Amino acid sequence: MENIEELLRRPANYNNIDGVAELAMGFMGVAFFVLIWMQWHSSPLSLWHSIWTLFAYVGLTCVIIHFGTKAIKERITYPRTGFVSYRRSKAAWATIIAAPAAALTPLAIVALRKTPMDMSIPIFLAGSLFITSAYTLRIAREVQWKWIVAGVMAGAAILVALLPRPALESVGGSFGLLHTPFVRLAGACLIYLLIWSVIILTSGGVGLWIYVHHTPLPKTEVE
Amino acid sequence: MNSQIQTIAELDRVIHEPGRLMIVALLSAVNQADFLYLQHETGMNKGTLSSHITRLEQAAYVEVEKTYRGKVPQTLLRLTKTGRKTFEQYRRDIKTAL
């Protein structure tokens with residue numbers, strides 16, 4: 001019976017057999033970091049602060065991810081290990097609902113508190129470790145070496161949490177949040193976004209390299 | 001007869017064969033997949049896989065579509081509604097039996 005359940009999970013795991021799902025997530029993370037960085041380092045009147053630039057930038061990022069993923073799948077993955085199209089998953093809807101709820105709940109608790117209390121680091125740690133556990137559950141569970149990636153992610157989150165207060169506040173302060181309870185949280189999140197994106201991008205790149213070098217093209221015969 | 005034993009006796013024999021069970025389980029988790037994917041996941045050779053697919057097609061559990069990806073022939077497979085229902089029933093029966 002366990003074997004049947006394992007078989008049912010295999011197509012979902014196949015989605016990242018080539019590391020492309022991680023590459024897409026990493027690219028998205030780096031793209032958002034660049035956007036935030038450009039907004040931070042440009043004058044308020046510059047193009048980077050326009051809502052239209054934001055739409056165009058996010059749109060372009062999504063287009064690159066969509067067609068980039070498609071190109072890798074069609075040229076590398078499908079000829080080697082086959083094509084799969086997925087069904088709409090109920091779990092995906094649960095994630096869509098649960099993820100913002102998980103992110104907003106601690107923020108709401110802090111916002112509702114009358115007394116100022118610095119909950120930034122516990123909130124940051126809860127969020128970043130939640131992301132790491134989601135990665136472990138969805139991706140690292142099936143591929144042994146990706147447990148190292150999950151460990152690096154968790155380690156990076158703890159290191160960011162341990163950064164000196166002024167360092168986090170100087171990063172968070174650049175978003176006009178200097179005198180709010182969220183200044184440290186914003187700083188920690190921005191630093192972690194960059195580190196997490198680089199980690200996952202590297203993991204995806206290594207995954208793709210391993211896939212290409214260990215999965216030869218099959219000989220074409222009539223099926 | 002004991003109801004558990006009766007459940008075992010009533011298991012769908014087309015799906016119960018291990019090779020076909022693998023195919024149906026994999027297809028039940030996707031919308032459609034091609035022959036190469038099933039070959040990769042099940043580790044069967046082309047002849048064995050083809051014969052199992054033919055048997056599933058005869059039972060109307062699987063739909064087969066021959067197409068092309070560029071210039072390369074591609075065989076797409078998907079579970080029919082009957083196939084999906086039968087597999088779900090099979091899972092329930094096997095849980096009961098065990």
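Reminder, nothing fancy here: chain letters follow the sequence lines and each chain counts from 1. What you see is a predicted model; the values in this text were computed from it and never measured. These values consider heavy atoms only, across backbone and side chains, with no hydrogens, waters or symmetry-generated copies.
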Parallel, tilted or perpendicular: ring planes of A:Tyr14 versus B:Tyr37, cut at 30 and 60 degrees: perpendicular
Note, B:Leu21 side chain near A:Ile4 side chain (heavy atom, < 4.5 Å): yes
Enclosure of A:His49 NE2 (heavy-atom neighbours >12, cutoff 6.0 Å): yes
B:Thr42 side, atom OG1; A:Leu7 side, atom CG - distance, nearest 0.5 Å: 9.5 Å
Side-chain touch B:Arg91/A:Glu5, heavy atoms, less than 4.5 angstrom: yes
Check: B:Val30 and A:Ser85 side chains under 4.5 Å, non-hydrogen atoms: no
Spatial distance of atom CG (B:Leu36) from atom OG1 (A:Thr77) [nearest 0.5 Å]: 11.0 Å
Under 4.5 Å from any heavy atom of chain A - which part of B:Leu76: side chain
From CZ (A:Phe83) to OG1 (B:Thr67), nearest 0.5 Å: 10.0 Å
Closest non-hydrogen atom pair, A:Ile17 against B:His40: CD1-CE1, 3.9 Å
Within-4.5 Å side-chain heavy-atom neighbours: A:Pro79 and B:Arg69: yes
Separation of A:Asn13 CG from B:Glu41 CD (nearest 0.5 Å): 9.0 Å
Spatial distance of atom CG (B:Asp34) from atom OH (A:Tyr78) [nearest 0.5 Å]: 9.0 Å
Straight-line distance of A:Arg87 CZ to B:Leu79 CG, nearest 0.5 Å: 8.5 Å
Heavy-atom pairs under 4.5 Å with chain A, option from B:Gly70, B:Gly47, B:Ala29 with the top count: B:Ala29
